[in-house]
Participant: 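I have a structure I would like to understand better, so I am pasting it below and will then ask my questions one at a time.
Since we're looking at a predicted model, the values are computed, not measured.
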Amino acid sequence: MTTVQLFGDIGLYANYKQTVDFTSVSEQNTWFNSKTHTTINDVIYNKAYNSLKLNMQYGEAIKYSYIRLLNLDTSGRIYYYFIASVNVIDDATVEFILEPDVLQTYMTFWNLKESMVNRAHVDRWDSSHTEP
């Protein structure tokens with residue numbers, strides 16, 4: 001069964017304007033372990049719909065914005081997700097709709113190599129300024 005770790009606002013958002021770059025899996029795990037708010041064991045995750053139902057009231061569920069899933073499969077990989085929305089199933093059950101955080105999930109599987117950035121066709125100065 002899958003273990004779920006829930007996080008409040010830890011500064012990671014689905015627009016990727018701010019993320020944390022780790023040099024190793026152990027550094028990543030240490031950082032996330034220090035920020036874990038709640039851990040729930042023996043959860044069934046619906047991969048087909050990127051949804052996760054938990055026994056929790058809505059008022060508590062909306063405090064969370066990020067989640068990670070451990071023991072999801074036999075690969076040993078930890079999967080990281082943004083919580084896109086929370087749906088009420090009944091008084092004691094909520095459904096989290098998840099959006100994968102591909103940077104954190106696959107961080108140790110890719111290397112950023114030297115690359116070229118093309119500036120395109122943009123003036124380097126205020127083009128309205130004319131010289132005498």
Participant: Hydrophobic clusters here meaning ILVMFWY residues chained together by side-chain heavy-atom distances under 4.5 Å, can you tell me if L103 and W31 are in one?
Facilitator: yes

Participant: Assess whether side-chain contact (heavy atoms from CB on, under 4.5 Å) is satisfied between I83 and L98, documenting all intermediate values.
Facilitator: CA-CA 5 Å; I83 297 174; L98 306 178; 4.0 Å; yes

Participant: What class does the angle between the rings of Y66 and F32 fall in, given that below 30° is parallel, 30 to 60° is tilted and above 60° is perpendicular?
Facilitator: parallel

Participant: Could you list the residues that satisfy side-chain contact (heavy atoms from CB on, under 4.5 Å) with D21, not counting sequence neighbours?
Facilitator: M107

Participant: Restricting to non-hydrogen atoms, name the atom on K63 and the atom on G59 that form the minimum distance, rounded to 0.1 Å.
Facilitator: CG-O, 4.0 Å

Participant: When rounded to the nearest 0.5 angstrom, what distance separates CZ in F96 from CG in N50?
Facilitator: 14.0 Å

Participant: Does any N or O in the side chain of E60 come within less than 3.5 Å of the main-chain N or O of M56, such that one atom is a donor and the other an acceptor?
Facilitator: no

Participant: About how many Å separate CD1 of I40 and CD1 of I67, when rounded to the nearest 0.5 Å?
Facilitator: 7.5 Å

Participant: Only one of L69, T105, N29 passes side-chain contact (heavy atoms from CB on, under 4.5 Å) with I78; say which it is.
Facilitator: N29

Participant: Would you give me the side-chain donor-acceptor pairs under 3.5 Å for residues 4-16, sequence neighbours excluded?
Facilitator:
residue	atom	partner	partner atom	Å
Q5	OE1	R68	NE	2.3
Q5	OE1	R68	NH2	2.9
D9	OD1	G11	N	3.2
D9	OD1	Y13	OH	2.7
D9	OD2	Y13	OH	3.2
N15	OD1	K17	N	3.0
Y16	OH	P100	O	3.4
Y16	OH	V102	N	3.2

Participant: Is L52 close to T2 at the side-chain level, that is, under 4.5 Å between some pair of heavy atoms?
Facilitator: no

Participant: In terms of hydrophobic clustering (I, L, V, M, F, W, Y; side-chain heavy atoms under 4.5 Å; direct or indirect links), are I97 and V43 co-clustered?
Facilitator: no

Participant: Would you please name every residue forming a side-chain hydrogen bond (donor to acceptor under 3.5 Å, both in side chains) with S51, sequence neighbours left out?
Facilitator: E95

Participant: Write out all pairs satisfying ring-ring contact (aromatic ring centres under 6.0 Å, His included) with one or both partners inside residues 37-60, taking only residues at least two apart or from two chains.
Facilitator: H37-Y64, Y45-Y81

Participant: Test of understanding: with ring-ring contact (aromatic ring centres under 6.0 Å, His included), list the residues that count as partners of Y106, not counting sequence neighbours.
Facilitator: none

Participant: Can you name the residues that form a side-chain hydrogen bond (donor to acceptor under 3.5 Å, both in side chains) with Q57, not counting sequence neighbours?
Facilitator: none

Participant: T36: which residues meet the side-chain hydrogen bond (donor to acceptor under 3.5 Å, both in side chains) condition with it, sequence neighbours left out?
Facilitator: none

Participant: Could you tell me if the side chain of T19 sits less than 4.5 Å from the side chain of Q104, heavy atoms only?
Facilitator: yes

Participant: Identify whether I62 and F82 are in the same connected component of the hydrophobic contact network (ILVMFWY, side-chain heavy atoms under 4.5 Å).
Facilitator: yes

Participant: Counting only N and O atoms by type, is there a donor-acceptor contact under 3.5 Å from the side chain of Q28 to the main-chain atoms of V20?
Facilitator: no

Participant: Run the side-chain hydrogen bond (donor to acceptor under 3.5 Å, both in side chains) test against D91 and tell me which residues pass, sequence neighbours left out.
Facilitator: none

Participant: Can you list the residues that meet the side-chain contact (heavy atoms from CB on, under 4.5 Å) rule with S34, with sequence neighbours excluded?
Facilitator: none

